[in-house]
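Computed over heavy atoms, backbone and side chain alike; hydrogens, waters and symmetry mates excluded.
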Amino acid sequence: MQTQELHDLIVDKVDDLKAQDIVTIDVRGKSSITDFMVVCTGTSNRHVASIADHVDKETKLIDYPPFGISGAEEGRWVIVDMGNVMLHIMQEEARDVYQLEKLWG
């Protein structure tokens, strides 16, 4: 799967579950581990974990499962590693603290 197709799929799937403030950060040339970071906000622990679970299930259906998922137990900040696209699903307070858009933008 091409990177842009993967990115578009991930954005579509997080939007399915009403993720808020979806932002893409192009980190090509800044990071050796991924090309794009998709950052979005969930409204609660359950919402954050549900978004991650939805992306996990939907990508497995097309035989393109995540390399790993971290933080789903707590649901404050979940990272879904899709290789060329890294998905960060955060509650609002975590997003305010870590400010990934400023750090990587």
Side-chain angles (χ1 to χ4, degrees):
M1 177 175 282
Q2 297 293 322
T3 301
Q4 189 62 49
E5 291 174 306
L6 178 60
H7 167 269
D8 294 346
L9 174 72
I10 290 169
V11 169
D12 182 56
K13 296 309 167 190
V14 300
D15 188 53
D16 283 350
L17 289 187
K18 309 292 188 237
Q20 300 174 352
D21 302 321
I22 303 166
V23 174
T24 299
I25 306 167
D26 184 343
V27 293
R28 292 175 289 188
K30 297 177 186 176
S31 172
S32 61
I33 60 169
T34 194
D35 292 333
F36 295 99
M37 291 185 190
V38 175
V39 182
C40 64
T41 302
T43 58
S44 66
N45 293 10
R46 178 172 278 179
H47 188 216
V48 169
S50 293
I51 294 167
D53 185 58
H54 182 63
V55 170
D56 181 39
K57 287 179 180 174
E58 291 294 316
T59 56
K60 284 178 179 174
L61 287 175
I62 61 166
D63 202 29
Y64 205 89
F67 292 110
I69 298 175
S70 179
E73 303 80 29
E74 294 178 22
R76 185 168 177 246
W77 177 0
V78 178
I79 301 170
V80 181
D81 181 357
M82 296 297 301
N84 291 340
V85 181
M86 192 77 65
L87 171 61
H88 296 265
I89 312 158
M90 308 169 86
Q91 288 191 42
E92 189 172 346
E93 58 273 3
R95 194 164 175 179
D96 288 343
V97 169
Y98 294 102
Q99 299 183 11
L100 295 180
E101 294 93 336
K102 284 185 179 180
L103 182 64
W104 291 99

Exercise for the section: Answer yes or no: does atom CD of Glu101 have more than 12 heavy-atom neighbours from other residues, nucleotides or ligands under 6.0 Å? Expected result: yes
Fill in the blank from the handout: Nearest heavy-atom approach of Leu100 to Ile25 is O-CD1, 3.8 Å
Problem - Heavy-atom closest contact (Met90 atom, Val39 atom, distance) - result: SD-CG1, 4.1 Å
Fill in the blank from the handout: Gly42 and Val48 have their tightest heavy-atom pair at CA-CG2, 3.7 Å
Completion exercise
Note: Ala49 and Ala72 closest approach over all heavy atoms is CB-O, 3.9 Å
Practice task
Would you confirm whether Glu58, through its side chain, and Val55, through its main-chain N or O, come within 3.5 Å as a donor-acceptor pair?
Solution key: no
Handout entry: Interatomic spacing from CZ in Phe67 to CD1 in Ile33 - rounded to 0.5 Å
Key = 12.0 Å
Exercise for the section: Consider only side-chain heavy atoms of I, L, V, M, F, W and Y, link residues closer than 4.5 Å, and tell whether Tyr64 and Val38 are in one cluster. Expected result: yes
Exercise for the section: Might you work through the side-chain contact (heavy atoms from CB on, under 4.5 Å) test for Val23 and Arg95, ending with a clear yes or no? Expected result: CA-CA 12 Å; Val23 174; Arg95 194 164 175 179; 3.4 Å; yes
Handout entry: Neighbour count above 12 (heavy atom, 6.0 Å) for Gln4 CD
Key = yes
Exercise for the section: Kindly work out whether a path of hydrophobic side-chain contacts (I/L/V/M/F/W/Y, heavy atoms less than 4.5 Å apart) joins Met86 to Val80. Expected result: no
Completion exercise
In this structure, NZ of Lys18 is separated from NE2 of His47 (nearest 0.5 Å) by 9.0 Å
Problem - Verdict with reasoning, Ile51 to Val78, per side-chain contact (heavy atoms from CB on, under 4.5 Å) - result: CA-CA 9 Å; Ile51 294 167; Val78 178; over 6 Å; no
Problem - CG (Asp63) with more than 12 external heavy atoms under 6.0 Å - result: no
Problem - Rounded distance [0.5 Å steps], CD in Gln91 versus CG in Asn45 - result: 4.5 Å
Completion exercise
Minimal heavy-atom distance between Met82 and Leu6, with the atoms involved, is O-CD2, 3.5 Å
Practice task
Could you state whether Val11 and Ile69 fall into the same hydrophobic cluster, counting links through intermediate Ile, Leu, Val, Met, Phe, Trp or Tyr residues with side-chain heavy atoms under 4.5 angstrom apart?
Solution key: yes
Practice task
Can you measure from CE (Met37) to CD1 (Ile10) and round to the nearest 0.5 angstrom?
Solution key: 12.5 Å
Fill in the blank from the handout: What one should report as the nearest heavy-atom pair of Leu87 and Cys40 is CD1-SG, 4.2 Å
Completion exercise
Rounded to the nearest 0.5 Å, the CE atom of Met1 sits from the CG atom of Asp8 at a distance of 10.0 Å
Fill in the blank from the handout: The reported gap from CG in Asn84 to NE2 in His7 (rounded to nearest 0.5 angstrom) is 12.0 Å
Exercise for the section: Examine Phe36 and Val27 and state if one hydrophobic cluster contains both, with Ile, Leu, Val, Met, Phe, Trp and Tyr joined whenever side-chain heavy atoms are less than 4.5 Å apart. Expected result: no
Exercise for the section: State plainly whether one hydrophobic cluster holds both Leu9 and Ile79, where clusters connect Ile, Leu, Val, Met, Phe, Trp and Tyr through side-chain heavy atoms under 4.5 angstrom apart. Expected result: no
Handout entry: Tyr98 vs Leu103, side-chain contact (heavy atoms from CB on, under 4.5 Å): CA-CA, chis, key distance, verdict
Key = CA-CA 8 Å; Tyr98 294 102; Leu103 182 64; over 6 Å; no
